[in-house]
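So that the names make sense, note that chain A is the first sequence line, chain B the second, and so on, each numbered from 1. Model, not experiment: these values are computed from the prediction.
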Amino acid sequence: MEQFAMKRRTFVTGALGAAATLGLAACSGAAGTGSVQNASGKTTLTVAVWSYATTPEFKALFDAFQAANPDIVIEPVDILAADYEAKITTMLAGGDKTDVLAVKNVTDYSQYSSRGQITDLTDLVKNQLPASKLANLDAFNVDGKYYAAPYRSDFWVLFYNKTLFDKAGLAYPKNITWDQYADLAKKLATGTTASGAKVYGAYQHTWRSVVQAISSAQTGGNLLGGDYSFFTPQYQMSLDLQKAGAIMDYATEKNNKTSYNSFFEAGQAAMMPMGSWEISALLADKAAGKTSVDWAIAPMPQVSAGSKVTTFGSPTAFAVNKKAANSDAAQKFITFAAGEQGAKAVAAVGIVPSLQESAITTAYFANKGMPNDDLSKAAFSPDTVKLEMPVSPVSSQVDQILTEEHDLIMTGSKSISDAIAEMNSRVKPVIASK
Amino acid sequence: MSILTTRRQTAAAGQRPRKLQRRAALVGWSFILPNFIGFALFTLIPVIAGLALSVMSWNSYSTPKFVGLKNFQTMLADESFWVALQNTALYALGHIPLTLAVSLGLAMLMNHKLKGIGFFRVAMFLPYITSLVAVAIVWNMLFNPDGGPIDQFLRLIGIANPPGWTNSTAWALPAVIITSVWRDMGYYMVLYLAGLQAIPRELYEAAEMDGARAWQRFWNVTVPALRPTTFFVMVMLTVASFKVFDLIVVMTGGGPGRSTTVLSQLVYQNGILQGNFGYSSAISFTLFVIVLTVTLVQYKIQQRQER
């Protein structure tokens, strides 16, 4: 009996011990790895990026940086593009020590900077970078301070399929208006591709910016203003094109999760308003033999003829995590990425660098497969590039509302005027709350 | 004297069991402990922290600031909350009874001693173990109004204007409900099958002798005998319905517009996407209270029926 009790006591102690160990193990799992140098004495720099395999600019930048800094090894923290914002928010909230964060857009930037999650880089930006030549740098100005440096600056242009234009006997879309664009789209929506798929006059992706950001940029309407009547003409045109079958039906696009890139590469769209990042995809896919589309770019269509070219765009930047394990190496990387060497590296893979210099633009157009006609070159230097979404603490909330109502208009669930009235009434309290 | 002895005896007798009891309890606790630590670390503490956050303003990085009931006030004035609450309730109202009926029907069909019945049982259970993302994507294709098989079939049988399903504000929620019923029916079927097999055959024989028809046997033998199973299935379905998130995110993303946005999605949007963790916690706490209330009501009804 005594022996039995003894055994039991030992067992209880053992169980308690095991449980305590488990608890401790769970706790220690939360602590960071924080190793600054690896076995060979090199510094390991962690950089959070999205969809590393399909975003060639990151590898191009890392390779160039490592070649110039042999004592630093970059370890990409790869996150799926669609989940990037949510994942970074969660990582930062959990005290993650990843050194450098790629900042996907200005809305995210304003969240990270307003929460004090990223390091002040004002000194670096002003003294170590050619600040005056960095496009969109101003978007990162928060009360005179910079918490990130842009290395890439995209803007929207009109991609077009030369073969389809030639076949229809139409002139290429040189400095056209939206009315002319609509007219061309209807004319070009004929026939099928070699594989039997229907050819559309244009492809407009499901993003709300395709309608809303361009309206805002070209009419001066404020996306955070609470009065969205300036969207009306662009919505009317889009719905009209959809009804005429000149562009793919929004609902079908959404349902099939259509890839704009494959759609254009398959020759199913004669025109496509899209961001300049599409250039790098087209260059890469053509080099890999995945597509034979004969393409070029033109400036975005404008509201009225003969006006200057106004489009919208969005910069992409790098920031340093405030809890970075290697802050110095991180700043070194950012100086490199936003500077001339970084610009050359990204330009070589067809990405538009933020640094604007004629030498880099020349190098960009020298890429294999890049169209070199005058219209494409003109499209590359628009007169004005407005920011896709103004920076504000409420940007993300307003974006949600505008996206929902955009969905309702484009699926035909709500009339344009009703949806705009709804946008106005839903956005106003959000703006007032801040 | 005799009193004294008795008392001493009782004291001695009482002491041993108490000691034993304590020891037994300790052993019991030690068995629960490993699991409890996991539960406490990953469920209990976060739940309590969530409750505390619901009265604070916190963006995941700043110092949480106590704001009292402001988050709840914001919530009551937030139109999106009411839209999401309504959608969640509609989803539950569709999902719970339909799944219940379909899984019971299937269980009765599968409760026969036929050759190869095992194959059919497995086939019915398969949707439940299939990846939810795959389920959502395939059903989206089936529902596609532009050439999807469901609408093609509906046109074939003479419906000129079949529903737009996930593209239509009116039909998106029914489309999600149909998919979720299909996915869940196998799991609840198994529960019902176990319940059905526990009903003694004699009850049916006696009912038959009394001249009860199939329908009467169902209502007077099967349904009452399955009451504990039905209660369990109801509670599980209620909790699952109010928490629905993944299926909707993949199928419709809450759209078109807000027509399929549910409460757990609102929690995600406000917390993870917009960084308003305080407000997001207030919504999730409200969701918790709703689920708790509904479950308690079900429990009370069950107790009354037992009596």
Side-chain angles (χ1 to χ4, degrees), chain A residues 5 8-9 11-16 18-23 26-27 83 85-87 89-90 92-95 111-112 114-117 248-252 254-257 322 393-397 399-401 403-414 419 422 425-426 429-430 433, chain B residues 19-20 23-24 26-38 40-42 58-62 74 77-80 83 137 140-141 143-148 164-170 172 250-259 261 266 268-277:
Chain A
R8 241 189 346 202
R9 208 171 299 137
F11 178 78
V12 172
T13 324
L16 280 169
T21 321
L22 276 175
C27 287
D83 301 331
E85 291 92 330
K87 173 83 183 168
T89 307
T90 320
L92 291 177
Q111 293 203 352
Y112 308 148
S114 68
R115 290 179 204 155
Q117 291 170 318
M248 198 184 202
D249 183 53
Y250 175 93
T252 311
K254 222 183 136 186
N255 236 333
N256 299 354
K257 302 203 190 306
K322 214 167 209 176
V394 295
S395 297
S396 162
Q397 263 171 289
D399 178 70
Q400 176 76 34
I401 296 169
T403 303
E404 285 166 358
E405 299 300 327
H406 171 71
D407 209 29
L408 292 174
I409 297 179
M410 294 308 293
T411 52
S413 310
K414 231 183 219 180
E422 187 78 9
S425 71
R426 285 180 67 193
V430 173
S433 73
Chain B
K19 208 174 168 188
L20 257 176
R23 201 178 286 162
L26 211 61
V27 172
W29 277 103
S30 74
F31 274 103
I32 299 172
L33 200 62
N35 184 38
F36 181 77
I37 287 181
L41 272 178
F42 298 111
W58 189 54
N59 62 17
S60 83
Y61 209 75
S62 60
T74 315
D78 184 354
E79 196 206 341
S80 289
V83 172
I137 289 175
N140 254 359
M141 289 173 175
F143 278 126
N144 189 350
D146 189 45
W165 300 114
T166 51
N167 295 333
S168 136
T169 44
V250 186
M251 266 188 90
T252 64
R258 288 179 288 183
S259 60
T261 305
L266 211 59
Y268 175 74
Q269 272 172 15
N270 281 295
I272 304 295
L273 296 183
Q274 287 162 12
N276 300 323
F277 284 90

Pair count under 4.5 Å, heavy atoms only, with chain B: among A/Glu405, A/Gln117, A/Lys254, highest is A/Gln117

I need the minimum non-hydrogen distance between B/Gln274 and A/Arg115, along with the two atoms involved.
O-NH2, 3.9 Å

Give, as side chain, backbone, both or neither, the part of A/Gln397 having an atom under 4.5 angstrom from any heavy atom of chain B.
both

Which atoms of B/Asn35 come close to chain A, meaning under 4.5 Å heavy atom to heavy atom: side chain ones, backbone ones, both, or neither?
neither

Test ring-ring contact (aromatic ring centres under 6.0 Å, His included) applied to B/Tyr268 - qualifying residues, sequence neighbours left out:
B/Phe245

When only pairs under 4.5 Å are counted, which of A/Asp407, A/Asp249, A/Asp399 shares the most heavy-atom pairs with chain B?
A/Asp407

dist A/Thr89:OG1 -> B/Leu273:CG (nearest 0.5 Å) comes out at 7.5 Å

Do you know the tightest heavy-atom contact between B/Thr169 and A/Leu408?
CG2-CD2, 3.4 Å

Could you tell me the separation between the CZ atom of B/Arg258 and the CZ atom of A/Arg426, rounded to the nearest 0.5 Å?
3.0 Å

Is it the backbone or the side chain of A/Leu92 that comes under 4.5 Å from a heavy atom of chain B, or both, or neither?
backbone

Value rounded to 0.5 Å, distance of CG in A/Asp83 from CD1 in B/Ile272
11.5 Å

If we define contacts as heavy-atom pairs under 4.5 Å, which of A/Ser114, A/Ala419, A/Ser395, A/Ala93 has the most with chain B?
A/Ala93

If the condition is ring-ring contact (aromatic ring centres under 6.0 Å, His included), which residues does B/Phe143 pass it with, not counting sequence neighbours?
B/Trp139, B/Trp165

Answer with side chain, backbone, both or neither: which region of B/Thr74 has an atom nearer than 4.5 Å to a non-hydrogen atom of chain A?
neither

